[in-house]
Amino acid sequence: KEGCPAPLATYRINNDGTFSNAAWTACTKWHSFVIKTINALQPQVVVVASEESLALADPVHYALPAEEEQDTLAFLKALPTASKAVVLGDFPEPGSASSPTLCLSKGPSSLLSCSFTPSKDVDLNNGAAQRAAAADGAGFINEAPWLCASTCPAVIDGIIPYTIDGYHIDNTYTLHLIGVLWTALNPYLAGKAAV
């Protein structure tokens, strides 16, 4: 469900990135449906990829790292005990104001001028997700190094990694990362039949 994060919490209504202060009951119902479905399926591996900037309701605020850790752990604990969970960490998002794709479309004199510095929030969010994964015995994969070091370049291996909105990884770069993701997932699939 687009915009409904995996961690179990009560979120503000998210309508294409525009938030209302009301509780998003459809997201809460979706959590119940997903957990019930996963428990019925009893998969060998569950890969959890989710937004990490959590816009909470009641009271309205963005989750602190301790809340993110608690809510992520609650989701992981709701999964079948026989399933191995693997949490994909967050990746740096430049946002529309610093979109490398938009910057490059303006014909800059240097590719470096379209780089951006990742927000410290990514490290905080990933730390919370990693602690939750560790507390549940789940795996954790940090995607941030696939896009950034101390800065985030506008072009990687000849590919522009972000969509123009600056909040998503471009499909071409996503396909470029398939082997990297498979290598990162492989230790968690040991002894499991790959589908």
Side chains of [X] and [Y]: does their closest heavy-atom pair fall under 4.5 Å?
{"X": "Arg12", "Y": "Leu56", "result": "no"}
{"X": "Leu124", "Y": "Leu64", "result": "no"}
{"X": "Pro7", "Y": "Gln70", "result": "no"}
{"X": "Thr163", "Y": "Ile169", "result": "no"}
{"X": "His31", "Y": "Cys27", "result": "yes"}
{"X": "Glu143", "Y": "Asp90", "result": "no"}
{"X": "Ile178", "Y": "Leu175", "result": "yes"}
{"X": "Cys114", "Y": "Pro108", "result": "yes"}

So if you build clusters from Ile, Leu, Val, Met, Phe, Trp, Tyr with side-chain heavy-atom gaps below 4.5 Å, do [X] and [Y] land together?
{"X": "Leu147", "Y": "Leu185", "answer": "yes"}
{"X": "Val48", "Y": "Phe33", "answer": "yes"}
{"X": "Phe140", "Y": "Leu8", "answer": "yes"}
{"X": "Tyr173", "Y": "Leu181", "answer": "yes"}
{"X": "Tyr62", "Y": "Tyr11", "answer": "no"}

For [X] versus [Y], what's the shortest heavy-atom pair and its separation?
{"X": "Ala9", "Y": "Thr28", "result": "O-OG1, 4.4 Å"}
{"X": "Pro92", "Y": "Cys152", "result": "CB-SG, 4.0 Å"}
{"X": "Leu76", "Y": "Ala132", "result": "CD1-O, 3.8 Å"}
{"X": "Tyr167", "Y": "Ser96", "result": "CE1-N, 3.7 Å"}
{"X": "Leu79", "Y": "Ala85", "result": "CD1-CB, 4.0 Å"}
{"X": "Trp24", "Y": "Gly3", "result": "CZ3-O, 3.1 Å"}

Q.
One pair to check against side-chain contact (heavy atoms from CB on, under 4.5 Å): Leu104 and Ile160. What are the steps and the verdict?
A. CA-CA 9 Å; Leu104 290 169; Ile160 301 170; 3.7 Å; yes

Within the distance-only criterion (no hydrogens, no angle test), does the side chain of [X] pair as donor or acceptor with the backbone N or O of [Y] below 3.5 angstrom?
{"X": "Ser99", "Y": "Gly95", "answer": "no"}
{"X": "Asn186", "Y": "Trp182", "answer": "no"}
{"X": "Asp170", "Y": "Thr172", "answer": "yes"}
{"X": "Ser113", "Y": "Ser110", "answer": "yes"}
{"X": "Asp157", "Y": "Ile159", "answer": "no"}
{"X": "Lys84", "Y": "Pro43", "answer": "no"}
{"X": "Glu51", "Y": "Ser53", "answer": "yes"}
{"X": "Ser83", "Y": "Val46", "answer": "no"}

Q | Asn126 and Asn142 side chains, donor-acceptor separation under 3.5 Å | A | yes

(Q) We want to know whether His61 and Glu67 form a side-chain donor-acceptor pair, criterion being a heavy-atom distance below 3.5 angstrom. (A) yes

Q | Aromatic ring pairing Tyr162/Phe91, orientation class (parallel under 30°, perpendicular over 60°, tilted between) | A | tilted

Q.
So, taking the atom named CD in Gln130 and the one named CG in Asp123, what distance separates them when rounded to the nearest 0.5 Å?
A. 10.5 Å

Q: Kindly compute the distance separating CD (Glu68) from CG (Asp121), expressed to the nearest 0.5 Å.
A: 8.5 Å

Q: Show the numbers, then the answer: is there a side-chain contact (heavy atoms from CB on, under 4.5 Å) between Trp146 and Ile156?
A: CA-CA 9 Å; Trp146 302 347; Ile156 302 172; over 6 Å; no

Q: Look at atom CG of Asp58 and say whether more than 12 heavy atoms of other residues, nucleotides or ligands are closer to it than 6.0 Å.
A: no

Q: In sequence, state the C-alpha distance, the side-chain angles, and the governing distance for Asp165 and His168, and then conclude on side-chain contact (heavy atoms from CB on, under 4.5 Å).
A: CA-CA 7 Å; Asp165 70 0; His168 300 91; 2.8 Å; yes

(Q) Please evaluate residues Asn125 and Leu54 with respect to the criterion side-chain contact (heavy atoms from CB on, under 4.5 Å), reporting the C-alpha separation (whole Å), side-chain torsions for both, the decisive distance (0.1 Å), and the verdict. (A) CA-CA 10 Å; Asn125 294 339; Leu54 308 179; over 6 Å; no

